[in-house]
There are 2 protein chains.
Amino acid sequence: MAQVKPMRADARRNYERLLKVAAEAFAEHGESASLDDIAKRAGVGSGTLYRHFPNRQALLEAVYVDAIEALGSRADELARKLAPGEALVEWLYEVCLGTIEVRGLKSLLGSAVSDGSNAALTACATHMKSAAQRLVEAAQQEGTLRRDVEPVDVLRLAHGVSTASELANGGTQHLRRYLSLLTEGLRA
Amino acid sequence: MAQVKPMRADARRNYERLLKVAAEAFAEHGESASLDDIAKRAGVGSGTLYRHFPNRQALLEAVYVDAIEALGSRADELARKLAPGEALVEWLYEVCLGTIEVRGLKSLLGSAVSDGSNAALTACATHMKSAAQRLVEAAQQEGTLRRDVEPVDVLRLAHGVSTASELANGGTQHLRRYLSLLTEGLRA
DNA sequence: ACCTGAACACCGTTCAAGT
DNA sequence: ACCTGAACACCGTTCAAGT
């Protein structure tokens, strides 16, 4: 595999400034924060932003890679602590909570589990799908989860539950309840 | 109640042209079709569009009132033909199908069942909610639907199921299956 | 009373010119 | 190799001037 060529010092500095500022901007203004504004706040020409991140999805992915990684690890932690079925339910809860609380994450995860999925987010898509797969297969093995659902179905439905929750004042008051309705339906 | 003042002939003509063109534009380009383009295609200054429809939601609502009315009537038709529980399920299916196939309708129904709901769409919001209420209460009476769900919950969750379905190639291949997972969870 | 369209303040994206 | 920022083609929205 080709080693990634190290960036020039100024390029690396700009890249990191952009990431930092973008994270703040997405947190503040949501997933549709102005890219031009991000470049300006990072003290960088707009072209530089495009050089590093060819589109909004690429920037979103770069900003939230860590959060996605964490969700993946969380799946394994829960798998060690809880029975498979419970681990899946709890993981889905945390995924939903993340997509609601960490503004911008939802858009990214949404396109990650969408079919016409951008090649650029294959990375985080496969990461989420493999985490889901481990929990789904274990729960099916255990016999508590329907056998006719695939990992990607579960992720899409969780995305739907987040969307439904957000319709209530954009909050999380109903998240547990809405999710439990889904998990009732998923039960074997 | 105050009688609505009849519009001047040219105003009424513009209003109708705008509605017609907007319906085409939303169908073609989705709910975020360019308003400026709609005005141009209707042969009207952009200010005229704003005079009749102060914002995008207002225009969306005007375009889809009929479709919403139809969904409401459909609820009652189904209630006459089917057992309460089945009527609710079938109605939700048709609602989801509508929001996926009639581009632009989803955005409108989404904000209709959202809490921070614009006063302007109270009309179609109450319409959908009352249709849902009739089916929900009947099904609860019958004993096939959980008693801890409210009509608005059901509408929000249906919106979530549509969203989940759209993540699969924007199609309806999985709609029945995803919806049935939800209705399993809703069963008393 | 209603319409027009220029004007404004924003977008995202590209690319020639600079270092 | 990378950066800059002007330039372009778009938005939505407002409002003075016209009928």
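All values reported here derive from a predicted model rather than from experimental measurement. A note on names: the letters A, B, ... follow the listed sequences, proteins ahead of strands, and every chain is numbered from 1.
Distance B:Leu18 CG to D:dG12 P: 14 Å, rounded to the nearest Å. Remark: C1' of C:dC11 and NE2 of A:His29 are 14 Å apart, rounded to the nearest angstrom. Straight-line distance from the CG atom of B:Asp37 to the C1' atom of C:dC11: 17 Å, rounded to whole Å. Distance, A:Leu49 CG to D:dC2 P: 15 Å, rounded to whole Å. Counting to the nearest Å, the P atom of C:dG12 and the NZ atom of A:Lys40 are 10 Å from each other. We find that CZ of B:Arg12 is positioned 16 Å from C1' of C:dA1, with the value rounded to whole Å. Rounded to whole Å, the distance from CZ on B:Phe53 to C1' on C:dC3 is 15 Å.
Counting non-hydrogen atoms of neighbouring residues, nucleotides and ligands closer than 6.0 angstrom, the CD atom of B:Gln141 reaches no more than 12 such neighbours. More than 12 heavy atoms of other shown residues, nucleotides or ligands fall within 6.0 angstrom of atom CD in A:Gln173.
Contact between the side-chain N/O atoms of B:His52 and the OP1/OP2 oxygens of C:dC3 is found at a separation under 4.0 Å. Between C:dG12 and A:Ser34, a contact under 4.0 Å exists linking OP1 or OP2 to a side-chain N or O. Listed pair B:Asn14 / C:dC2 fails the phosphate criterion, with no side-chain N or O lying under 4.0 Å from OP1 or OP2.
B:His127 has its side chain out of reach of B:Val65: every pair of non-hydrogen atoms, C-beta onward, lies at least 4.5 Å apart.
The residue among A:Ala33 and B:Arg51 whose nearest nucleotide of DNA chain C lies closer to the 5′ end is B:Arg51.
Within the 3.5 Å criterion, the main-chain N or O of A:Ala42 finds a donor-acceptor partner in the side chain of A:Arg17. Between the A:Glu166 side chain and the A:Gly171 main chain, no donor and acceptor come within less than 3.5 Å of each other.
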Dot-bracket for DNA chain D, 5' to 3', counting Watson-Crick or G-U wobble pairs under 3.5 Å, with [ ] for crossing pairs and | for inter-strand pairs? ||.|||||...|||||.||
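Evaluated for a side-chain contact (heavy atoms from CB on, under 4.5 Å) with A:Phe53, the options A:Leu19, A:Leu60, A:Ile38 yield exactly one hit, A:Leu19.
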I'd like a table of atom pairs between the protein and nucleotides 13-19 of chain C - only N or O on both sides, under 3.5 Å - with the distance next to each one.
from   : atom 1 : to      : atom 2 : distance (Å)
C:dT13 : OP2    : A:Tyr50 : OH     : 2.7

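Salt bridge annotation for A:Arg177-B:Asp153: present, with a cationic side-chain nitrogen under 4.0 angstrom from a carboxylate oxygen.
With no hydrogens or angles considered, a side-chain donor-acceptor pair links A:Thr163 and A:Lys106 at under 3.5 Å.
For the pair B:Ser165 and B:Tyr178, the tightest heavy-atom approach, listed with the atom from each and the gap, is OG-CD1, 3.7 Å.
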